[in-house]
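Here is the structure we will look at.
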Amino acid sequence: MSDATDPIAPRASVFAGLRLTWTAIIAGSVLLFWFTLALIGPWIAPHGEAEIISSTTFAPIGEGGILGTDKLGRDVLSRLIYGVRTTMLLALVTTVISFACGVTLGFAAAILKGWFDVIVSRIVEAFMAFPSTLLALVIIGVFGTSITVLVLTVGLVLSTGVFRVSRALGYDVGVMDFVEAARARGEGTWWILTREILPNSMAPLIAEFGLRFTFSILFLSGLSFLGLGVQEPAADWGLMVQENVGGLFLGSSAALLPAACIASLTISMNLLVDWFQQRQQGETVLEKIDQ
Amino acid sequence: MSDILSIRNLRVEGRPPGGAYVPIVKDVSLSVRKGEVLALIGESGSGKSTISLAAMGFARPGCRIAGGEVWLNGYDIMKLSPRERHALRGDAVSYVAQSAAASFNPALRIGRQVIEAPLWHGAGDAATLTAQATELYRKLDLPNPESVGHRFPHQVSGGQLQRLMAAMAMSCGPDLLILDEPTTALDVTTQIEVLKAFKDIIREQGTAAIYVTHDLAVVAQVADRILVLKDGEMVEEGTTDAILHNPQHDYTRKLMAAVRPAPHLVDHVAARDADVPVLSVQNVTAGYGTVTILSDVSMEVPRASVVGVIGESGCGKSTLARVVAGLTPAREGRIELNGKQVEAELDARPREALRDCQMVFQMADTALNPRQRIRDILGRPLQFYHGMTGRKQADRVAELLDLVDLPASFASRYPAELSGGQKQRVNLARALAADPRIILCDEVTSALDTVVAAGVIELLKSLRDRLGVAYMFISHDLSTVASFADEVVVLYAGRVVEKGPSKAVFQAPWHPYTHLLLASVPEMRQGWLEGVADTAEARAASTGSVQIGAKGCPFANRCAKVITGTCETVAPPVRDLPGGLTIACHLPPEALPA
Ligand SMILES: Nc1ncnc2c1ncn2[C@@H]1O[C@H](COP(=O)(O)OP(=O)(O)O)[C@@H](O)[C@H]1O
Ligand code: SF4
Ligand SMILES: [Mg+2]
């Protein structure tokens, strides 16, 4: 046959052949740095999480600790290092929870359709009608501030968005011919969900995961800042900003440093997701022109 | 210098992921003058689209323009800055793609999208531009030119959307128009209207155009000159007249032969009465939600035979296949496989019934799960229907690939690593894996180039002979059906208007609708388009569109022979004619088109 394979055939795996850009490399390095620090932090932190090292509070950079001290005279550097672990772990757990709920319900709604879809969609819409912070404040107000309540609440709040994305994805992929082919063969719902739909939704779901992770960091930090999140003496970046806000007027950077850390983490994640999505879109553009 | 576009020694290279650059366009030169239409023809992969993109100074991701010059309106566009090039692209060149649906934003009104580019280029204010667009709609023969701009893309038909796409392209008053297979996805009847509209507007505005296609008969209608391409190289170039009447190159002759396969008018093997048919559809009514699409459809597929189903898009051909497969359950009527009635619902059918009847979809791309290797795609039905695993399964996969003329090494590939024709072969192999008695082929060759499609048809024929499998062969391409089917069913608006042995259906007398379809197939001679577009039949047909659920004859609003007063209100009688032909029409047999 004369129909030769197109030399620029698109790739089969989500990550295969993604070409790196400088933005991606820098953003990826920042994230890798924070992840590594979250893993090994406690072994390299110069002082303990809540250890008071100096009687000078709000010591400037270079005095007391390397990055100064906070409102109780604790080492800012050590608290930042401990904080990355708390912040990222909590964000990760909430994002995983939101995905577990959101993706399962979203795909189920797309496949089962009918009344199941209607009921779940209405409930989710009702939740989404409230501003998310307000919703979280109410739930935490009722159940009290504990890490479990915090994680479950934020996970729940975030899962509404995940639900919508997965439901739309499920509907889109679910009407593709290869899913119809599987149905015509007689395959059951479980096979269709796990073998046909899920693998073909991976790229947008990965991007969504990145964005939700960012969002949950900001959200958790926000709650901590309001005093409803992580409680002292644990170190958390959002909490550190709140604790040390008073020091701003004394010229202390103890509140600015954790804020900068949050920014570096979320911005890097966003850049990486942008890059990933652009690469994926590049692929579809290419497919369109190819036809 | 009156050349609008002149390309000299163009070379484009593409790079497979992780590989080195390989040439995909080799040393191509061409030029287009004002008011001239140059056709680029060749199979997919021959570089047609790549060249037309290069004419805009554009290379697909993964490709680069490696050499040569592209002069547009006196500018060497490779030397322009990206910003200048961008400005030139919207202003001097416009591009019409194969699928208009992909180029329109479904959420915005059409009119707004048509004037977007000229508005952006500062060509005038919205009111003036809208007035100009309305004028364009009128020139393109669109119905209700004043109001069509207020509609959303899904509210117009495919042919209309394609013309609106042309309006969008013309709205900047470009010097060069690039049309990339703009009618390939359309019905023959719609194609006539669209081709006519394109041709008129190009003449009138004196635009230069590049027309990319693989259909020589279409080219004969619109092009002044033809450039034949193969594997990124120029095979031959000349005036349309010269290429059509005196092709110099074997490849050109091969392309011409593939356009219109000879009709298959042998007398049908009379095995049908002896055996129970593989598939029998009796008085089936079906639809989606509250709409009824198919009403009272009956047809049979005898063993090891090919039954063609033809009709314009939207007539319910796919719905018929889906009803048979159980994907869209029938509301009324009976479906029998091998003489045994099966349930309308897919879930209620036993696995053997599912196995006996397999379906192959139109879009080879979307019918294969992009994240599964060919090995898994073919292995699953083997396991599902035959419990075949491990070594045995792998051997059978290799056999299946061999059956569809693909190398066994393809087992480890992903669908994206195959061409369109190869994917369609894999789809066929997946259906064969079940060992079916009948395969429902829904437009399986419609998205393929003529030469590749001819190969797939040959394969289907040889499989039928070797394995004794029957086909329900759905297509809007009449010449393919004529060359392949033993029997033909003509569907219009969800009803069977004519059926019978292929020989009888493609010969006089015809149902008025069948006649319209046959008369609309482009012929490979210049001037055909003007002649046919002018007939009373074509004019009547273009005034209406497919009406599902009409009371009398569904074709009454487009029929040139309509008996006013009767046809619109009374359902036409179904008459049996000599030669096994059945026609549903009020006209007495003598009065049918002949
Ligand atoms: N899933 C669907 N829901 C509602 N209407 C549909 C659906 N699929 C097809 N239709 C409608 O059914 C009619 C017949 O469509 P189809 O069977 O696809 O025709 P064909 O295959 O002949 O082009 C069309 O009017 C189309 O709009
Ligand atoms: S029944 Fe009337 S409208 Fe229908 S095809 Fe025959 S003549 Fe035309
Ligand atoms: Mg169809």
Side-chain angles (χ1 to χ4, degrees), chain A residues 1-21 112-114 172-189 191-203 205 278-291, chain B residues 14-19 22 24 43-45 49 53 60-63 97-99 102 181 231 322 325-327 346-347 349 351 354 358-359 361-363 365-373 380-381 384-385 405 413-422 427 430 434 447-449 451-452 455:
Chain A
M1 284 310 298
S2 46
D3 44 350
T5 308
D6 195 323
I8 45 167
R11 339 167 279 279
S13 150
V14 183
F15 290 109
L18 279 182
R19 229 164 328 132
L20 287 174
T21 60
L112 300 174
K113 305 197 173 75
D172 280 356
V173 180
V175 296
M176 305 274 277
D177 287 344
F178 61 84
V179 180
E180 292 281 53
R183 286 218 300 135
R185 186 161 64 229
E187 301 285 5
T189 309
W191 171 280
I192 290 177
L193 185 66
T194 54
R195 303 301 182 91
E196 312 284 347
I197 296 187
L198 198 56
N200 287 288
S201 311
M202 268 341 258
L205 283 183
Q278 251 164 32
R279 292 288 143 182
Q280 296 293 331
Q281 261 158 24
E283 181 184 55
T284 44
V285 167
L286 179 147
E287 278 167 358
K288 258 186 202 148
I289 298 174
D290 256 350
Q291 299 174 346
Chain B
R15 183 168 63 172
V22 289
I24 50 181
E43 295 164 57
S44 70
S49 298
L53 288 174
R60 293 185 282 205
C63 291
Q98 176 169 345
S99 160
E181 304 259 13
D231 301 331
R322 295 175 58 87
L327 286 167
L346 187 71
D347 301 341
R349 296 188 183 182
R351 209 169 268 199
L354 296 171
Q358 293 287 308
M359 185 152 168
F361 294 84
Q362 168 172 7
M363 302 307 292
D365 290 335
T366 54
L368 298 174
N369 186 335
R371 308 276 178 223
Q372 287 176 359
R373 287 178 197 276
R380 178 61 187 171
F384 189 80
Y385 293 122
D405 299 331
R413 292 205 183 181
Y414 284 100
E417 295 167 298
L418 308 184
S419 71
Q422 291 165 342
N427 276 315
R430 175 172 60 189
L448 304 177
D449 295 336
V451 176
V452 179

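Quick note on labels: first sequence line is chain A, next is B, and so on, each numbered from 1.
Looking at heavy atoms from C-beta onward, Arg380(B) lies in side-chain contact with Glu187(A) at the 4.5 angstrom threshold.
Interatomic distance, Thr189(A) OG1 to Asp347(B) CG, rounded to the nearest 0.5 Å: 8.0 Å. Remark: Arg185(A) CZ to Gln358(B) CD distance equals 8.5 Å, nearest 0.5 Å. In this structure, CZ in Arg183(A) is found 11.5 Å from CG in Leu354(B), a value given to the nearest 0.5 Å. Here the CZ-CG distance, from Arg371(B) to Leu198(A), works out to 11.0 Å after rounding to the nearest 0.5 Å.
Heavy atoms of Leu346(B) lying under 4.5 Å from chain A belong exclusively to its side chain. Looking at Arg322(B), only its side chain comes within 4.5 Å of chain A, counting heavy atoms on both sides.
Considering all non-hydrogen atoms of both residues, Pro370(B) and Phe178(A) come closest at CD-CE2, 3.6 Å.
Applying the side-chain hydrogen bond (donor to acceptor under 3.5 Å, both in side chains) rule to Arg430(B) yields the partners Asn427(B); only residues at least two apart in sequence or on another chain are considered. Legend: residues meeting side-chain hydrogen bond (donor to acceptor under 3.5 Å, both in side chains) with Glu196(A), ordered by chain and number and at least two apart, are Trp191(A), Asn369(B).
Comparing Arg351(B), Met359(B), Gln372(B) by heavy-atom pairs within less than 4.5 Å of chain A, the highest count is held by Gln372(B).
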